[in-house]
Each structure stands twice: as structure tokens, then as C-alpha cells.
Amino acid sequence: MTAETDTPRAAGSCCSSTGSCHDGAADARAGVTTVYEVKGMTCGHCEGAVSEELSGLAGVTSVKAEAATGRVTVASAAPLTDEAVRSAVDEAGYELVGRA
């Protein structure tokens, strides 16, 4: 079964038709996810450098950098300031283009 399969929800089941065991309210409290465009990443080392710097920001829970697309997905407890993200990306040696 794939995530796209819409299975009817059984009466009394804790899972939604999307396979999630949450009603969405808890997910909304989990934080925010923002995608940024970063210029200059060309390889796995670049991805690691950007991820390491962004992971050091307060409240960041996960970072996924993709050199092939130039996109970096950051999950955090609360929205991050563009200045903080720009500073971290600069520290890694790359250029923050902006939000994707």
C-alpha cells in the first residue's frame, strides 16, 4: 500500500486515511518547515557543511540539503529569521538566495 492510497478509516481507528496516527493538531504544534535556495553547493561535502551550520541554529530539528537542486529544507520549532539562516549559510561558505 502506498501513502497515496486512500483507505477508509475504520470506526474507532486512531489512523487517518493518509496513514497518519495524528489528527493534524499535534503536527501543527511540531514546528515549521521552510525550504531555502542556496547557491554554490555542488556535492555531498557542500550539503554537509550547510547542514552542519544550519543545525547549530537554536530550535532547528532537522536539515536536508540537496546540492543537485540547491534546496535546503529546514525544520524548526519556530520560524527562523532570514538573517540567522543567511549568517549560517555564509559561515558554511555558500550564498543564501532566499526562500524557495
Side-chain angles (χ1 to χ4, degrees):
M1 176 159 38
T2 67
E4 290 127 14
T5 304
D6 191 24
T7 306
R9 192 168 129 155
S13 172
C14 69
C15 294
S16 69
S17 62
T18 62
S20 172
C21 290
H22 305 287
D23 63 4
D27 293 337
R29 291 187 303 266
V32 296
T33 300
T34 309
V35 179
Y36 298 95
E37 186 177 343
V38 175
K39 188 175 176 182
M41 294 189 302
T42 59
C43 64
H45 179 314
C46 301
E47 294 170 343
V50 170
S51 294
E52 183 177 343
E53 289 297 331
L54 288 170
S55 292
L57 295 176
V60 171
T61 56
S62 72
V63 178
K64 180 174 184 204
E66 297 179 54
T69 62
R71 296 197 174 204
V72 180
T73 304
V74 181
S76 56
L80 302 172
T81 66
D82 288 341
E83 296 91 25
V85 174
R86 185 173 310 282
S87 178
V89 171
D90 286 348
E91 184 67 26
Y94 302 91
E95 179 185 348
L96 178 67
V97 176
R99 294 178 190 227

Go through the steps for E53 and V63 under the test side chain to side chain contact (heavy atoms under 4.5 Å, CB included), then give the verdict. CA-CA 10 Å; E53 289 297 331; V63 178; over 6 Å; no

Within the 4.5 Å heavy-atom criterion, are [X] and [Y] side-chain neighbours or not?
{"X": "V50", "Y": "Y36", "result": "no"}
{"X": "V85", "Y": "V74", "result": "no"}
{"X": "L96", "Y": "D90", "result": "no"}

Which heavy atom in [X] sits nearest to a heavy atom in [Y], and how many Å separate them?
{"X": "S76", "Y": "T61", "value": "N-OG1, 3.9 Å"}
{"X": "Y94", "Y": "C46", "value": "OH-SG, 3.2 Å"}
{"X": "C43", "Y": "A67", "value": "N-CB, 3.6 Å"}
{"X": "A49", "Y": "A92", "value": "O-CB, 3.6 Å"}

If you round to the nearest 0.5 Å, how far is CD of E37 from CZ of R71? 6.5 Å

From CG (L54) to OG (S87), nearest 0.5 Å: 10.0 Å

Chi angles and distances behind the side chain to side chain contact (heavy atoms under 4.5 Å, CB included) call for L80, T34: CA-CA 9 Å; L80 302 172; T34 309; over 6 Å; no

